[in-house]
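Below: the structure, in structure tokens.
Below, chains carry the letters A, B, ... as their sequence lines are ordered, and counting in each starts from 1.
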Amino acid sequence: MIVHHRHSWDVSYQEAAGLQERLREDLVLSGDARGVRIVAGVDVSCEKQGETLFAGVVVMDAVTFEIIEHAHHVALVSFPYVPGFLSFREGPAVLAAFEKLETVPDAVIFDGQGIAHPRGLGLAAHMGLLLGIPTVGSAKTRLVGEHGDVGQKRGSDTPLTHNGRRIGYVVRSKQGTRPIFVSPGHLISPEAAVKLVLSCTARYRIPEPVRQAHILVNRLRKESYQDR
DNA sequence: GCGACAG
DNA sequence: ATCTTGTCGC
């Protein structure tokens, strides 16, 4: 699919923070997940020596979970991991993978935060703006925000708030496992984001599209070791 | 100064 | 995230 790059990635932390605060103003935090027939999942794996990134995107039927298409991109690391600036590390590789994708999914789920971020622009939110389609953040751990206890049953959730604003939900995607942190990225509401994630989750804690993307990039990384 | 801190 | 063996538990 066509990706419109609207800014440079070669910036300092201070410039990146300012960019995030400006970009967040363009986010649309409304929209529902109804009608999502084709959903994509994204994940990135880092080579052990830490110089290469493997970005993968898996497109699947939102109902049957049948894989429709997948794409990936291998890139050299050009930005360190710094909490709050993940999109500047993984973003370029993720977008390159989307450029190789023919299918335009109805929504995309990322392995990371949406607006549940210090400046309201986590990976999923940032990518949503550049892709122009609904995106959701599904993180395995918390970055910012406060929340109460989550029920033990699958499907239970509790609000995640930050600076007095509801930025997402802590969701029990699977009974007996730690909850996941779901927040809207772009063109979707917090509630719809949770509905979409839960509809894509059944047997495992991680949403199936993201889980498949994780499997893809890990396979790619292992195969790269064989070539040495 | 101290603790927190997506992947 | 990655490194890394075995091991405790459903």
Side-chain angles (χ1 to χ4, degrees), chain A residues 9 13 16-17 20 23-24 27 41-57 72-97 108-129 135-147 152-154 160-163 167-186 190 193-194 197 203-207 209-225 228:
Chain A
W9 296 92
Y13 295 156
Q20 291 176 328
L23 285 173
R24 72 179 293 185
L27 286 172
V42 176
D43 192 30
V44 176
S45 177
C46 178
E47 184 191 33
K48 66 177 175 187
Q49 296 184 354
E51 76 250 5
T52 309
L53 289 179
F54 298 80
V57 51
H72 72 270
H73 182 78
V74 182
L76 294 179
V77 169
S78 59
F79 202 94
Y81 169 67
V82 180
F85 296 100
L86 182 62
S87 61
F88 286 84
R89 176 181 175 82
E90 302 188 344
V94 168
L95 295 177
V108 187
I109 304 176
F110 289 81
D111 178 37
Q113 312 290 350
I115 62 170
H117 174 277
R119 289 165 294 284
L121 200 86
L123 177 66
H126 196 159
M127 296 300 100
L129 285 175
T135 60
V136 171
S138 173
K140 298 182 291 298
T141 61
R142 186 193 74 96
L143 176 59
V144 296
E146 307 80 51
H147 64 87
Q152 296 301 309
K153 291 198 60 177
R154 164 186 147 70
L160 180 66
T161 59
H162 186 53
N163 294 332
I167 57 178
Y169 288 89
V170 184
V171 181
R172 188 77 66 184
S173 54
K174 178 182 179 181
Q175 194 166 37
T177 68
R178 295 163 46 212
I180 57 178
F181 295 73
V182 178
S183 60
H186 184 45
V194 171
V197 166
R203 184 170 177 200
Y204 301 95
R205 173 188 179 227
I206 303 302
V210 175
R211 203 177 75 84
Q212 289 300 325
H214 186 72
I215 292 172
L216 170 62
V217 294
N218 274 322
R219 177 157 53 74
L220 292 171
R221 182 164 59 79
K222 279 193 175 181
E223 290 174 353
S224 75
Y225 291 152
R228 308 187 181 185

query = For A:F54, is the NZ or CZ atom of A:R219 found under 6.0 angstrom from the centre of its six-membered ring and inside 45 degrees of the ring axis?
reply = no

request  = Starting from P on C:dC10, measure out to CZ on A:R205 and report it in whole angstrom.
outcome  = 19 Å

ask   = Any sub-3.5 Å donor-acceptor pair from A:R154's side-chain atoms to A:S173's backbone N or O?
value = yes

query = So what is the 5' to 3' dot-bracket string for DNA chain B, if pairs are Watson-Crick or G-U wobble with both distances under 3.5 Å, crossing pairs use [ ] and | means the partner sits on another strand?
reply = .......

A:R221 side chain near C:dT2 phosphate (N/O to OP1/OP2, under 4.0 Å) = yes

Any A:K140 side-chain N or O less than 4.0 Å from OP1/OP2 of B:dA6 = no

remark   = note: A:R89, atom CZ; B:dA6, atom P; distance rounded to Å ~ 13 Å

task = Give the dot-bracket string for DNA chain C, reading 5' to 3', where a pair is Watson-Crick or G-U wobble with both distances under 3.5 Å, ( ) marks pairs inside the strand, [ ] marks pairs crossing earlier ones, | marks a partner on another strand, and . marks unpaired.
result = ..........

note = Here the distance between atom C1' of B:dA6 and atom CG of A:L160, to the nearest Å, is 12 Å

Nucleotide N/O to protein N/O under 3.5 Å, stretch nucleotides 1-5 of chain B:
residue: B:dC5; atom: OP1; partner: A:R142; partner atom: NH2; Å: 2.7

query = Rounded to the Å, how far apart are A:L121 CG and B:dA6 C1'?
reply = 13 Å

task = Grab the CZ-C1' distance between A:F85 and B:dA6 for me, whole Å please.
result = 13 Å

ask   = A:G84 near the nucleic acid: base, sugar-phosphate alone, or nothing, with a heavy-atom cut-off under 4.0 Å?
value = base

ask   = Does a side-chain N or O from A:S45 land closer than 4.0 Å to OP1 or OP2 of B:dG7, or not?
value = no

inquiry  = In this structure, how many angstroms lie between the C1' atom of B:dG7 and the CD1 atom of A:I206, rounded?
reply    = 12 Å

inquiry  = Between P on C:dA1 and CD on A:Q49, what's the gap in Å once rounded to a whole number?
reply    = 19 Å

